[in-house]
Novice: 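My questions will all concern the structure given below.
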Amino acid sequence: MNLTLQVWRQPGPQAEGHFVTYEASGISTDASFLEMLDIVNERLIEAGEEPIVFESDCREGICGTCGLMINGQAHGPQKGTATCQLHMRSFSDGDHIVIEPWRATSFPVLRDLAVDRRAMDAIIASGGYISVNTGAAPDANLTPVPKEAADTAFDAAACIGCGACVAACPNSAAQLFTAAKVQHLNLLPQGQAQRWARTEAMVETMEEFFGSCTNHGECEEACPKEIPIDFIAWTNRDYIKAKVKNRKLAG
């Protein structure tokens with residue numbers, strides 16, 4: 001395949017960025033999108049030019065670092081797919097592809113296609129864990145967990161924290177990410193001891209960095225793990241309960 005790439009280049013957080021056009025020729029249809037960028041970078045290095053900076057790690061759709069806006073869509077045209085899982089057979093020979101970093105105030109550009117996602121780390125640090133000392137590992141059947149709760153918690157835990165929900169949302173809201181991280185703990189018995197403190201802390205930390213949810217639903221469409229927005233409704237419910245329960249506990 002022969003492709004024309006229009007790539008966002010920005011040398012630093014405070015510098016002005018601009019699009020640069022590159023020709024990507026002889027690209028295999030079996031290559032992943034990131035492998036295509038690797039090939040382009042190898043050619044740039046051979047020509048003595050600066051390679052394109054982008055993030056990646058596992059390249060298996062697990063780590064969440066590979067997020068890119070591809071032709072205006074988070075992670076590209078294929079639904080339920082991270083950028084590293086997107087293959088070039090999803091495009092056609094001669095296509096013009098626009099590649100940008102996540103576009104959100106809460107995700108400042110570090111360089112080129114790499115953004116700073118520490119705002120999401122702050123949400124996790126505020127309560128996305130279980131700190132109750134449980135001692136040694138108990139037998140698997142000691143704490144009964146309803147299958148529906150276990151399955152739903154597993155669906156929420158599938159969130160890889162890539163930030164596609166924020167990038168796709170017109171309000172740059174992080175409700176889907178936060179709700180997934182809240183509910184995968186709130187749904188399980190082990191998460192009940194800190195349920196209300198966790199919910200209040202994580203939601204209020206989120207509000208410090210991100211916009212408000214107005215139920216556009218773009219987050220669900222962009223999510224590579226197809227996490228439903230039902231989790232947002234459940235977290236809103238828990239947050240209202242938490243405001244009452246935490247006040248009682250404090251009193």
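No experiment lies behind these values; they were computed from the predicted model shown.
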Novice: Would you kindly say whether Gln183 and Thr235 are connected by a side-chain donor-acceptor distance under 3.5 Å?
Specialist: yes

Novice: To check you understand the geometry: which heavy-atom pair defines the closest contact between Ala222 and Ala74, and what is its length?
Specialist: CB-CB, 4.0 Å

Novice: How many angstroms lie between SG in Cys66 and CG in Leu113, if you round to the nearest 0.5 Å?
Specialist: 12.0 Å

Novice: Distance-only check: which donor-acceptor pairs under 3.5 Å involve side-chain atoms of residues 118-127, not counting sequence neighbours?
Specialist:
residue: Arg118; atom: NE; partner: Asp116; partner atom: OD1; Å: 3.1
residue: Arg118; atom: NE; partner: Asp116; partner atom: OD2; Å: 3.0
residue: Arg118; atom: NH2; partner: Asp116; partner atom: OD2; Å: 2.8
residue: Ser126; atom: OG; partner: Ile123; partner atom: O; Å: 2.6
residue: Ser126; atom: OG; partner: Thr205; partner atom: OG1; Å: 3.4

Novice: Once ring pair (Phe, Tyr, Trp, His ring centres under 6.0 Å) is applied, do any residues pair with Phe19, and if so which ones, sequence neighbours excluded?
Specialist: Trp8

Novice: Going by the side-chain hydrogen bond (donor to acceptor under 3.5 Å, both in side chains) test, which pairs reach into residues 165-175, not counting sequence neighbours?
Specialist: Asn171-Thr214

Novice: Tell me if a side-chain donor or acceptor on Glu221 pairs with a main-chain N or O of Gly217 at a distance below 3.5 Å.
Specialist: no

Novice: I'd like to know whether Arg59 forms a salt bridge (charged side-chain N to carboxylate O under 4.0 Å, His left out) with Asp38, so could you lay out the CA-CA distance, the side-chain angles of the two residues, the decisive distance to 0.1 Å, and finally the verdict.
Specialist: CA-CA 12 Å; Arg59 300 204 177 192; Asp38 288 337; 2.7 Å; yes

Novice: From Gln10 CD over to Glu16 CD, what is the distance, rounded to the nearest 0.5 angstrom?
Specialist: 9.0 Å

Novice: What are the two closest heavy atoms between Leu3 and Met1, and how far apart are they?
Specialist: CD2-CE, 3.8 Å

Novice: Looking at side-chain heavy atoms only, is the closest gap between Arg103 and Pro101 below 4.5 Å?
Specialist: yes

Novice: How far apart are the closest heavy atoms of Arg237 and Arg195, and which atoms are they?
Specialist: NH2-NH2, 3.8 Å

Novice: Identify the heavy atoms of Thr29 and His87 that sit nearest to each other, and give their distance.
Specialist: O-CB, 4.3 Å

Novice: When clusters are formed by joining ILVMFWY residues with side-chain heavy atoms under 4.5 Å apart, either directly or through shared neighbours, do Val115 and Val53 land in the same one?
Specialist: no

Novice: Can you list everything that forms a side chain to side chain contact (heavy atoms under 4.5 Å, CB included) with Thr143? Sequence neighbours excluded, please.
Specialist: Pro189

Novice: Which heavy atom of Leu34 sits nearest a heavy atom of Cys84, and at what distance?
Specialist: CD1-CB, 3.6 Å

Novice: Consider only side-chain N and O atoms of Asn186 and Thr199, and report whether a donor and an acceptor are under 3.5 Å apart.
Specialist: yes

Novice: I'd like to know if the side chain of Lys181 and the backbone of Cys159 have a donor-acceptor N/O pair within less than 3.5 Å.
Specialist: yes

Novice: Counting distance only, does the side-chain N/O of Trp196 pair as donor-acceptor with the main-chain N or O of Val244 below 3.5 Å?
Specialist: no

Novice: Under the side-chain hydrogen bond (donor to acceptor under 3.5 Å, both in side chains) rule, what do Thr4 and Glu23 come out as? Steps first, then yes or no, please.
Specialist: CA-CA 5 Å; Thr4 300; Glu23 298 298 327; 3.1 Å; yes

Novice: Give a yes-or-no answer on whether the side chains of Glu204 and Tyr239 include a donor-acceptor pair shorter than 3.5 Å.
Specialist: yes

Novice: Is the shortest side-chain heavy-atom distance between Leu86 and Pro77 below 4.5 Å?
Specialist: yes

Novice: Would you say Thr83 and His75 are linked by a side-chain donor-acceptor pair, where the criterion is simply a distance under 3.5 Å?
Specialist: yes

Novice: Could you state the interatomic distance from OG1 (Thr81) to NZ (Lys225), rounded to the nearest 0.5 Å?
Specialist: 8.5 Å

Novice: Does Ile227 reach the side chain of Glu220, with side-chain heavy atoms less than 4.5 Å apart?
Specialist: no

Novice: Using side chain to side chain contact (heavy atoms under 4.5 Å, CB included) as the criterion, list what pairs up with Asn71, not counting sequence neighbours.
Specialist: Phe91, Ile97, Val98

Novice: Can you confirm whether Met206 sits close enough to Val203 that some side-chain heavy atom of one is under 4.5 Å from a side-chain heavy atom of the other?
Specialist: yes

Novice: Report the distance from atom CD1 of Ile52 to atom CG of Leu5, rounding to the nearest 0.5 Å.
Specialist: 7.0 Å

Novice: Heavy atoms only: give me the nearest Val20-Arg9 pair and the separation to one decimal.
Specialist: CG2-CG, 3.5 Å

Novice: What about Val40 and Ile70, same hydrophobic cluster or not, with Ile/Leu/Val/Met/Phe/Trp/Tyr joined at side-chain heavy-atom distances under 4.5 Å?
Specialist: yes

Novice: Does Leu185 reach the side chain of Arg198, with side-chain heavy atoms less than 4.5 Å apart?
Specialist: yes

Novice: Between Leu37 and Ile99, does a side chain to side chain contact (heavy atoms under 4.5 Å, CB included) hold up when you go through it step by step?
Specialist: CA-CA 10 Å; Leu37 289 178; Ile99 310 170; 4.0 Å; yes

Novice: Is a side-chain N or O of Asp151 found less than 3.5 angstrom from the main chain of Glu148, in a donor-acceptor match?
Specialist: no

Novice: Check whether any side-chain heavy atom of Arg117 lies under 4.5 Å from a side-chain heavy atom of Glu55, and answer yes or no.
Specialist: yes

Novice: Are Val7 and Leu44 grouped together when hydrophobic residues (ILVMFWY) are joined by side-chain heavy atoms under 4.5 angstrom apart?
Specialist: yes

Novice: Would you call Lys241 and Glu200 a salt bridge, taking side-chain N to carboxylate O under 4.0 Å as the test?
Specialist: no

Novice: To the nearest 0.5 Å, what is the distance between SG on Cys169 and CG on Leu176?
Specialist: 10.0 Å

Novice: Could you go through Arg89 and Gln78, starting from their C-alpha distance and side-chain angles, then the distance that decides it, and tell me whether this counts as side chain to side chain contact (heavy atoms under 4.5 Å, CB included)?
Specialist: CA-CA 11 Å; Arg89 52 181 169 267; Gln78 192 168 322; over 6 Å; no

Novice: Side-chain contact test, heavy atoms from C-beta onward, threshold under 4.5 Å: evaluate it for Thr152 versus Phe231 and give yes or no.
Specialist: yes

Novice: Is Ser32 close to Gln85 at the side-chain level, that is, under 4.5 Å between some pair of heavy atoms?
Specialist: no

Novice: For Phe209, check ring pair (Phe, Tyr, Trp, His ring centres under 6.0 Å) against everything at least two apart and list the hits.
Specialist: none

Novice: Verify the distance criterion only: is there a donor paired with an acceptor across the side chains of Gln6 and Thr21 at less than 3.5 Å?
Specialist: no

Novice: Establish whether Ile160 and Met202 are linked, either directly or via other cluster members, by ILVMFWY side-chain heavy-atom contacts under 4.5 Å.
Specialist: no

Novice: Nearest 0.5 angstrom please: Trp102 CH2 to Cys162 SG, how far?
Specialist: 5.5 Å

Novice: Between Phe54 and Phe107, is there a shared hydrophobic cluster once you connect ILVMFWY residues whose side-chain heavy atoms come closer than 4.5 Å?
Specialist: no

